[in-house]
Novice: 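Handing you this structure, nothing more for now.
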Number of protein chains: 4
Amino acid sequence: MALDSPAKAPNSRRTILDAAAACFARQGFAQTSIDDIARAIGATKGKIYHHFRSKGELLSAVRKSSILLTSAQVEPVFLANQAPRARFHSMAMAHVRAMIEQLPYHRVVIENLRKGDIGPSTPHERALMQEIRTLQRGYEDLFRTVITQGMQNGAFHSQPVSVALHSVLMLLNAPVFWYHPRQGETAADRVAIARQIADMALAALTPRAEPKDPLP
Amino acid sequence: MALDSPAKAPNSRRTILDAAAACFARQGFAQTSIDDIARAIGATKGKIYHHFRSKGELLSAVRKSSILLTSAQVEPVFLANQAPRARFHSMAMAHVRAMIEQLPYHRVVIENLRKGDIGPSTPHERALMQEIRTLQRGYEDLFRTVITQGMQNGAFHSQPVSVALHSVLMLLNAPVFWYHPRQGETAADRVAIARQIADMALAALTPRAEPKDPLP
Amino acid sequence: MALDSPAKAPNSRRTILDAAAACFARQGFAQTSIDDIARAIGATKGKIYHHFRSKGELLSAVRKSSILLTSAQVEPVFLANQAPRARFHSMAMAHVRAMIEQLPYHRVVIENLRKGDIGPSTPHERALMQEIRTLQRGYEDLFRTVITQGMQNGAFHSQPVSVALHSVLMLLNAPVFWYHPRQGETAADRVAIARQIADMALAALTPRAEPKDPLP
Amino acid sequence: MALDSPAKAPNSRRTILDAAAACFARQGFAQTSIDDIARAIGATKGKIYHHFRSKGELLSAVRKSSILLTSAQVEPVFLANQAPRARFHSMAMAHVRAMIEQLPYHRVVIENLRKGDIGPSTPHERALMQEIRTLQRGYEDLFRTVITQGMQNGAFHSQPVSVALHSVLMLLNAPVFWYHPRQGETAADRVAIARQIADMALAALTPRAEPKDPLP
DNA sequence: TATGAATGAGTTTTCATTCAT
DNA sequence: CATGAATGAAAACTCATTCAT
């Protein structure tokens, strides 16, 4: 008979990771010391170094988690069989909801987007970075696919895909910079925000009729 | 006859600031040491500390410059007498062009958006932060004004202004994350990018006819 | 059977403190770098910062030690049941002996008496200062008590207590400025010095018969 | 005919010196920067370096001033023809009054008594130190003379002169550590303090009848 | 696993001092 | 005389990381 808790072990990594994400999100990566994280979980540095080889690996792990968490919510929607506009809209909503529901993880990622372009010295860290870049690329490709399809299809305005993709993704990421849960906020409130942003993203890709006021 | 400049303006400050913006943009604020900046202009740390009291003040100065530079390009457009859609579109283009034309300054700002929310301990630094917040608020209000007007006017889709504003601004800021001048790029190329993004931003605010494929 | 000591007491702290007291006493607080202290014990700055948060805390710890060491020698004498003059005299001797027997600690304190009146910025350092002030106050009160009693009693000349107290204490502290152990000095020599000073202190408080040469 | 003020020039040095004394007294020598002093008189570093070669020279000048100011008040009293007890008492009062009437200068000196034992590297500074030591020695000799005389004379208790001298001088210097002018304090108040301390100093040197309570 | 001690390299900051104007 | 810019050397502190236990 088990003495106490059911699945005892694997908690540590996740506990540390949550604390790291929270600290990085609150104070920024550089402003967070390993001791800060340790203190946040009532442990010592040593414990963290048992589970992660370096501070950089901690950041990598948070980034990876962020992508996996988002993918987990967006990919099923991507796979559902929908027309481009509906498909994009559902993906956008799922993405925004992921952003605001696991805010710390995603904030860390967005605020360190270009980190690691230079830096990681050890082969191990370079490998991690590479893996993350691959995951990131794969995730973006979900949106790239839908957008490309929609453009071919006529559902979306035809334009350079890369610019459109990055612009729209940043629009969907924006809540990371300003969102913060209000007192007494409900799930419905969050859905409303997600819908508003997804609507805008969709509109941004929509074919324009004709410029009623002539634009210069 | 001299046009305007104070002639003997010691451009030391500006030289340092440019170097700081470049370094911060390339390596990130935390990864840049004061020595890096000094080395970049062939001077010593001491020179920098003679003109700026601290690394944080350097960041503040870059932020302030960024806002002023952008304002200088966008405000005249704001003041021109145009209908909401045209007005917003011109402002958006001006904003994007500012982003990519003084990339380092703006990249620093966007990548450190939430820096200084906590931290600045000295009264002097707090005052600087306050001033920057005021400038920032003022700048955002240009867009807030146009958007609000457009909504009342029917030119824009009616929706919560704050979310719309922040979303659209982040869309306009997005180039900061991915843009980098290509070999042989012309001014026209940059205008094209700015136009594409401004078009999307305008579309994001545009009233939607009717959802042809029903959205969930 | 072990008498008392906590056996495994990591005397790192005490080692560092002794070295700090010695350096501060020799060169002065401001003229001593943390590296000086580290070098004195064959360690690195890091070790010191592992045990003490700042140079100021090091000074505070020395001050505290000084007061505790002195108290440990003077308080038992205070508690013994003696008439005011004898009591004061024994306390004075104990005080002077403490001064010259742990010279470095006390020299540091006396030479930095007013340090920290302004300065300590962190709450932690302010708390330390407060604690020290309390200890200091408590220690002075031993003498204040005896002096007050003696004045009421007629054993001492009646006069403003505060001025008398501070004057006499500084007289007892004076060796800190000039004493330095001579070649071949014995414990008896030190007792002689202590007795001479204690005698003077006692005389300073003694009721004056009549001014034989009229004082202006 | 002079344009404006009578003796125009020599003010600068004294102005600077006063400011230096005030700053050193308030914050301590090491905690005071040349800029602090410059700011205190609304000038710049350069001005100070025109009048004093170094920070150390500034300290030396303050020390010298302190001794000269005190001498100026005590020496005339010393030269007056009085019996040892009266002579000592008058000198002591003059000394204490000097202490509290030019507090900053004397505080600086007492708090830096052992400064310069090591340190001054330039020949010029060493010469200054030597001069100060000579002045200091000369000043102390006034008291040494009176005390020695009194001991031979029977007016004072016979005891090792050096210890007695240093002890009594520190007693007379003590106000430097605690005195601070009260609201509405009069000259008479200051005289009262001086008299109380001088009385104690005199008593400290007075021959003791017999220990009524036997001292251990 | 986890802890606490220790390290060492780096970073920000301070400041006395010099110098051209 | 006085200023403002610039320097260079030192100093306090930080912190990721290692290691013995």
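Throughout, a chain's letter reflects where its sequence line sits, starting with A, and its residues are numbered from 1.
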Novice: Of I37(C), D36(C), N112(C), which is the lone residue that meets side chain to side chain contact (heavy atoms under 4.5 Å, CB included) with F24(C)?
Specialist: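 Among I37(C), D36(C), N112(C), the one that satisfies the side chain to side chain contact (heavy atoms under 4.5 Å, CB included) with F24(C) is I37(C).
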Novice: With distance as the sole test, does R63(C) use its side chain to make a donor-acceptor pair with the main-chain N or O of L113(C) at under 3.5 Å?
Specialist: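 Yes: the side chain of R63(C) pairs with the backbone of L113(C).
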Novice: Rounding to a whole Å, what distance do you find between Y49(A):OH and dA6(E):C1'?
Specialist: 14 Å
Novice: Does S12(B) put a side-chain nitrogen or oxygen below 4.0 Å from OP1 or OP2 of dA5(F)?
Specialist: no
Novice: Does any part of the side chain of R107(A), heavy atoms only, come nearer than 4.5 Å to the side chain of R26(A), both counted from C-beta?
Specialist: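 Result no, sub-4.5 Å side-chain heavy-atom pair not found.
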Novice: Between K55(C) and F29(C), is NZ or CZ placed under 6.0 angstrom from the six-membered ring centre and within 45° of the ring axis?
Specialist: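 Judged by the rule (NZ or CZ under 6.0 Å from the ring centre, within 45° of its axis), K55(C) counts as positioned above F29(C).
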Novice: Can you tell me the base-pairing partner of dT21(E)? Count Watson-Crick or G-U wobble geometry only, both distances below 3.5 Å, and say none if there is no partner.
Specialist: dA2(F)
Novice: With a 4.5 Å limit on heavy-atom distance, are the side chains of I67(B) and V109(B) in contact?
Specialist: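 Side-chain contact under 4.5 Å: no.
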Novice: Nearest whole angstrom, please: distance from the P of dA16(F) to the NZ of K55(A).
Specialist: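 Value for this atom pair: 4 Å.
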Novice: Between Q27(B) (CD) and dT11(E) (C1'), how many Å, whole number?
Specialist: 14 Å
Novice: Atom CD of E57(A) and atom P of dA16(F): how far apart are they, to the nearest Å?
Specialist: 15 Å
Novice: What is the distance from CD of E125(B) to P of dT12(E), rounded to the nearest Å?
Specialist: 13 Å
Novice: Does dA16(F) have a Watson-Crick or wobble partner in any strand here, with both distances under 3.5 angstrom, and which is it?
Specialist: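 Because both required distances fall under 3.5 Å, dA16(F) counts as paired with dT7(E).
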Novice: Specify the residues of residues 29-47 of chain B, ordered by number, for which at least one heavy atom lies under 4.0 angstrom from an atom of DNA chain F.
Specialist: T44(B), G46(B), K47(B)
Novice: Nearest-Å distance, CZ (F52(C)) to P (dA5(E))?
Specialist: 12 Å
Novice: Can you tell me how far C1' of dA16(E) sits from CG of L59(D), to the nearest Å?
Specialist: 14 Å
Novice: Of all the choices, dT3(F), dA5(E), dA2(E), which nucleotide is nearest to the side chain of H50(A) once you look at every atom?
Specialist: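 Closest nucleotide among those given: dA2(E).
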Novice: Using the rule given for side-chain contact (heavy atoms from CB on, under 4.5 Å), can you reason through L17(A) versus S65(A), listing the C-alpha separation, both sets of side-chain angles and the distance that settles it, and then say yes or no?
Specialist: CA-CA 9 Å; L17(A) 218 48; S65(A) 265; 3.6 Å; yes
Novice: It should be established whether H51(B) places a side-chain nitrogen or oxygen under 4.0 Å from OP1 or OP2 of nucleotide dG4(F).
Specialist: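 So the side chain of H51(B) is outside the cut-off, no N or O lying under 4.0 Å from OP1 or OP2 of dG4(F).
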Novice: Let me know the distance between CD1 of I48(D) and C1' of dG4(F), rounded to the nearest Å.
Specialist: 15 Å
Novice: Is there a donor-acceptor contact under 3.5 Å from the side chain of T32(A) to the main chain of G28(A)?
Specialist: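 Flag set: sc T32(A) to bb G28(A) pair under 3.5 Å.
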